[in-house]
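Data block below; observations after.
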Amino acid sequence: MQNNKKDPTIATIGEFGLIQSHFAPLCSSKKDIKVGIGDDGTVLSLAPELELVVSTDTLVENIHFSSSDNPYTLAKKSLRVNLSDLAAMGATPSWYLLNIATPPTTPIAWIKEFACGLKDDGERYAITLTGGDTTSSKGGLVITITVMGQVAKNRALLRSGAEPGDRIYLSGTIGDSALGLAYHLGKLQIDNPEDAAYLLNRHMLPEPRVDLGLQLVEAGIGCGAIDISDGLRADLQHICTASKVGAEVDFEKIPLSAAAKRQIEHYGDEVIKQIITGGEDYELLFTYGGDVEKIATIAQRVGVAVTDIGVITAGEGVDINRGGEPVELGFGGWTHF
Ligand code: ADP
Ligand code: MG
């Protein structure tokens, strides 16, 4: 991150100054928060007919983001990748915890921008900070967010809900984020500046499909569901493993943005591999055996395109076919080790 030696750093305000001035104001006084920031733990009230869904994700400097990335956008992304997990479970976002390990040299201006991003998206997705932990780091910055959401009893959407004969549905478009990242890292040249900006934005600022997840639960659609963080192929495989089924996907039906299509036209098969295995799309992938019209109505209501890309089978594994031929991908998707 940028640090002009004269800028005040968090070392000057300390751990408690940091929490008090920048994080505590993000805790709203919603009535279901009995105790917010400031005690040893937060106390939250739950309605008896609801279940709590909890999920956590960590973003590490130099693995998930670069030190030069905009802190406002980084804060939003940290929250959004977590919100995407709640979306995939069909849960209503409620509260979150923020654990941050940060070098003492971090400028206060950076923290202000970061907190501003959290505030804006906290309001946008109606989710409130209720606690966390703050430590110094001798390495880079590490941000862990833990989200909590609520869903009606026994109604959470699970990876294990897919059945043979179900159609496979995908929200939005995939591949944009992987192409945006490749561009950001200087590994892909994109000549059209509008395409470059669009793809980069899809990487930096994903749209968690919270409303879509909620509507699927609301409509009583029992389905297998996952959000795409590791790539279409890998995440569909996760549904197949959990549900003990297979999947057949028609490559031609996979929804792609105009910008991604132009990269395929330009670069061919190498780009196709990135699109299917690249990850960080944060779209919802779900399976459903019922009326297609029901899905179309929901898609229209939430204002997100939902595309049928294939079928769940009684077999095993994920087959992606293009003109009757399997698409050769070489590897499965993003893994850390
Ligand atoms: P303890 O030492 O009892 O664990 P801390 O000093 O770590 O307590 O935290 C004091 C309060 O500040 C707690 O309510 C905690 O949840 C909150 N807190 C600490 N760090 C953060 C953070 N990064 N974001 C939000 N709340 C935080
Ligand atoms: Mg603590």
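Counting starts at 1 for both ligands and their atoms, in listed order.
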Quiz item: How about Glu248 and Thr313: does a side-chain donor come under 3.5 Å of a side-chain acceptor?
Solution: no
Self-check item: Whether Asn82 side chain and Leu79 backbone form a donor-acceptor pair below 3.5 Å
Solution: no
Quiz item: Which atoms from ligand 1 have a heavy atom of Leu129 less than 4.0 Å away?
Solution: 24 (N), 25 (C)
Exercise. Check whether any N or O atom of Asp133, backbone or side chain, sits under 3.5 Å from an N or O atom of ligand 1, and answer yes or no.
Key: yes
Quiz item: Any nitrogen or oxygen of Asp40, main chain or side chain, under 3.5 Å from a nitrogen or oxygen of ligand 1?
Solution: yes
Quiz item: Is any N or O atom of Phe16, backbone or side chain, closer than 3.5 Å to an N or O atom of ligand 1?
Solution: no
Practice problem: Please work out whether the ring planes of Phe23 and Phe114 are parallel, tilted or perpendicular, with thresholds of 30° and 60°. | Solution: perpendicular
Practice problem: Taking the side chain as every heavy atom from C-beta outward, state whether Leu52 and Leu44 have any pair of such atoms under 4.5 Å apart. | Solution: no
Exercise. Using a 4.5 Å cut-off on heavy atoms from C-beta on, say whether the side chain of Leu98 contacts that of Leu26.
Key: no
Quiz item: Measuring from Asp227:CG to Leu212:CG, what's the distance to the nearest 0.5 Å?
Solution: 11.5 Å
Practice problem: Could you list which atoms of ligand 1 come closer than 4.0 Å to a heavy atom of Thr134? | Solution: 19 (C), 20 (N), 21 (C), 22 (C), 23 (N)
Quiz prompt | Gly36-ligand 1 polar pair, N/O distance under 3.5 Å | solution = no
Quiz item: When only distance counts, is Leu98 in polar contact with ligand 1, meaning an N/O pair under 3.5 Å?
Solution: yes
Quiz prompt | Minimum non-hydrogen distance to atom 10 (C) of ligand 1, winning option of Ile37, Asp39, Ile143 | solution = Asp39
Quiz prompt | Residue pair Tyr183 / Asp195, side-chain donor-acceptor N/O under 3.5 Å | solution = no
Self-check item: Residue Gly38 vicinity, atoms of ligand 1 by number, heavy atom under 4.0 Å
Solution: 11 (C), 13 (C), 14 (O)
